[in-house]
Structures are given as structure tokens and as C-alpha cells.
**Q** 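Take this structure, written in C-alpha cells, and hold onto it; I'll ask about it next.
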Amino acid sequence: MASSLLKLKLITITILLTTFCFPEATANSPSTSPFAQRPIIESVLVNLGFHELARAVPSLYDNPAFTAWSGPITLFLPTESSSSCSPVRLLREHTIPGLYSHGYLRKAASDSKIETIDHGRCITVTSSTDHVDNYSRKIFIQGVEITRPDMFNNALVIVHGLEGCVAPLSLYSCNAELMTRPLSLQDPKHVMRLMLKDATLRLRNSGFGVLALPMRSKLLKDLLNLQNMTVFAVDDESIFSGSHSYVDNLRHHIIPNRLLDISDLEKISPRTVPPTLEAGQSLMVTLRGEEELRINYVEIELPDFTCNLKIVVHSIGLPFPYLHPSAVETG
């Protein structure tokens with residue numbers, strides 16, 4: 001068992017290192033698609049004892065929505081085997097795009113509907129009313145209780161154990177008696193919300209908690225309206241060591257509606273100045289060399305530090321200074 005868990009951890013680390021960035025230009029190539037996550041899903045299911053489901057994982061690749069999704073997933077799986085549960089159907093209807101921890105589900109509105117990877121079919125999340133506090137509240141998926149929450153969570157895959165098998169989802173499961181608008185992959189804001197959750201989780205776990213907080217709170221409304229974004233991040237240690245201005249000038253470190261990885265930044269002419277989220281302020285490439293790239297005279301220390309479908313984050317050691325308009329105009 002110990003060797004199996006070690007093997008799973010090694011596979012997880014490999015996937016994280018090789019699929020941290022999902023450039024749109026290569027999102028469908030087998031080598032870069034995060035569902036090259038297939039080995040990690042199979043390994044997770046095997047190590048949790050879901051052997052039949054592990055064997056059914058290849059069937060998911062017949063589903064275009066699944067192969068097109070390039071983000072983390074949440075699975076709701078029955079911990080007790082049942083002859084009424086088809087492994088193929090179960091995986092299709094119990095796989096949700098995005099990270100939905102038990103804590104998040106406890107805070108969600110009762111009767112929330114979330115679209116599964118099987119387009120047009122939604123699960124309904126409800127909660128018990130016999131507990132006042134969120135912590136002890138029971139959570140149900142299609143009326144079946146989550147009895148083993150967060151069985152697995154590695155920031156790419158979350159698995160929740162259910163008390164039993166969920167009945168097949170209806171073609172009208174996303175439409176009937178909606179109390180909240182179903183979360184849909186067809187909704188650009190929902191996709192951006194998932195990508196923000198993914199990016200902020202990675203940032204928070206990597207020492208960029210100060211940046212992650214406003215991206216999930218005071219800036220959230222503005223960020224949800226963007227098509228994509230490029231973010232320049234200063235880590236917590238640097239902020240606490242003196243780079244306090246970064247917190248107040250965070251908008252100056254976000255380029256809206258442009259997904260610029262390091263290769264894109266290297267192609268930008270010094271006279272090209274992408275506007276930032278702060279009105280009237282732009283950035284400029286001030287130095288380009290074989291081993292470093294500087295924006296507003298600040299070196300990019302860790303390019304492409306975190307990437308997903310909508311967000312790319314570059315790590316910098318200091319906040320960007322504001323450039324005099326004449327410097328921007330002359331390049």
C-alpha cells in the first residue's frame with residue numbers, strides 16, 4: 001500500500017510539472033492536455049479501491065466535452081458497489097469540471113445545480129436543515145449523502161465518497177425547478193470562475209496568498225468579466241519584507257484580455273505597451289536578453305509560474321514602478 005501511494009505521489013508530481021500550463025495553441029495535443037491526466041485519474045481510483053471505475057476511464061475520451069476540458073475535476077463516487085451503477089455512466093454523470101471541496105459545497109446555496117462533464121446534465125446539491133452550523137451540515141448529491149468527503153484532493157482531482165449510487169440524470173436535469181442558475185461550461189463567466197479558483201488555489205499553496213485573496217474577493221467582479229488575463233505576482237515574503245505597494249497597486253500588475261506566456265512577452269516590441277487593469281497605465285519591455293526579461297525595469301524571475309486556460313502568472317521580485325509618460329511614448 002505504501003509503495004502504491006508513493007507511486008501515485010510521483011505520478012501527481014510529474015503531471016503537475018508537465019501540465020501546469022495549458023497553452024491554448026497546444027491544448028488538444030496529447031502531450032500537453034491535462035487529461036493526459038488520465039494516468040492520474042486511473043491511479044487515484046485504483047488506490048482508493050475503485051477498480052471497475054479505473055477500468056472505465058478510457059470511455060470518457062469518447063466524450064468531446066471531457067477531452068476539451070483543460071482544468072481540474074471533482075468526482076462523486078459511491079463507496080458501496082452496486083449492480084445498478086454502470087461504471088461508464090457513473091463517470092460521465094459524476095464528473096464535475098472544477099474544484100468543489102466539501103467546505104465549498106457546505107457554503108453553496110441549497111438546491112444549487114452544477115453541470116457535469118456530460119453536457120446538458122446537472123447534479124443538484126442539497127443540504128440538511130437539522131444542523132445550524134455549516135460544519136456539521138450534511139451534503140447530498142441528487143439526494144445521496146456524501147459520507148466520505150475529500151477522500152482525495154491534490155489540487156487537480158477531488159474525490160467525494162457517496163452513500164450509494166445516484167439515479168441516472170435526466171435530459172431535463174439542468175432545467176427543472178431551478179432555484180439557482182445552473183453552472184455551465186457554456187457560460188464564459190463560469191469558466192473564468194473555475195480558472196480563478198484553480199489559479200488562486202495554486203497561488204495560495206505556493207506562497208502567493210496575498211495575491212490570491214483579492215483575486216477571490218475585491219477584484220473578483222472585474223476579473224470575471226475578462227476573456228483571459230496575464231498577472232505579474234510578488235510572493236508573500238517579498239511583500240512582507242518591504243514591497244507593500246504591490247497590494248495597493250495590484251491592478252497595475254494585471255494585463256486584461258491577453259494571455260501572454262513568456263514566449264509571447266519575448267516577442268513584444270519595446271514600443272508595444274499592453275494596458276493594465278489600472279486605467280491609463282501600461283507596461284513596457286525595458287530589457288530583453290538571452291537569460292532575462294524585464295518589464296518596467298523589473299526582472300521576471302519565474303516565467304509561466306502558473307498557467308491554465310484563462311490565466312498566466314509570472315513571478316517577479318519587486319512591484320512594477322510607474323513609468324513617466326514620456327518614457328512610454330518613446331519606448
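For this chain, numbers begin at 1 and follow the sequence in order.
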**Q** Name all residues meeting the salt bridge (Lys or Arg N to Asp or Glu O under 4.0 Å) criterion together with Asp150; count only those two or more places apart in sequence or in a different chain, and write none if there are none.
**A** none

**Q** Quick check for you: to the nearest 0.5 Å, what is the distance between Ile300 atom CD1 and Glu266 atom CD?
**A** 8.5 Å

**Q** Going by the rule side-chain contact (heavy atoms from CB on, under 4.5 Å), which residues pair with Leu99 if we only count those two or more places apart in sequence or in a different chain?
**A** Pro72, Ile158, Leu201

**Q** Quick test of your reading: applying salt bridge (Lys or Arg N to Asp or Glu O under 4.0 Å), list the pairs with at least one residue in residues 224-253, sequence neighbours left out, ordered by first then second residue.
**A**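 Passing the test, one end in residues 224-253: Asp222-Arg251.
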
**Q** Measure the shortest side-chain to side-chain distance between Thr74 and His160 over non-hydrogen atoms and say whether it is less than 4.5 angstrom.
**A**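 Side-chain contact under 4.5 Å: yes.
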
**Q** Can you confirm whether more than 12 heavy atoms, excluding those of Arg216, are under 6.0 Å from its CZ atom?
**A**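 Yes, the 6.0 Å shell around CZ holds more than 12 heavy atoms from other groups.
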
**Q** Is the gap between the ring centers of Phe76 and Tyr100 under 6.0 Å?
**A**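 No.
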
**Q** Got Leu53 and Leu75 here, is their nearest side-chain heavy-atom distance under 4.5 Å?
**A** no

**Q** Taking only residues two or more places apart in sequence, or in another chain, which ones meet Val46 in a side-chain contact (heavy atoms from CB on, under 4.5 Å)?
**A**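 Only His51, Ala54 meet the side-chain contact (heavy atoms from CB on, under 4.5 Å) criterion with Val46.
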
**Q** Under the ring pair (Phe, Tyr, Trp, His ring centres under 6.0 Å) rule, collect the residues that match up with Phe320, sequence neighbours excluded.
**A**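 Here the qualifying residues are Phe232, His253.
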
**Q** Go through the structure and list residues passing side-chain contact (heavy atoms from CB on, under 4.5 Å) with Leu224, not counting sequence neighbours.
**A**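 Listed in chain order: Met192, Arg193, Leu196, Leu220.
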
**Q** Could you tell me whether the side chains of Asp118 and Thr116 share a donor-acceptor contact shorter than 3.5 Å?
**A** no

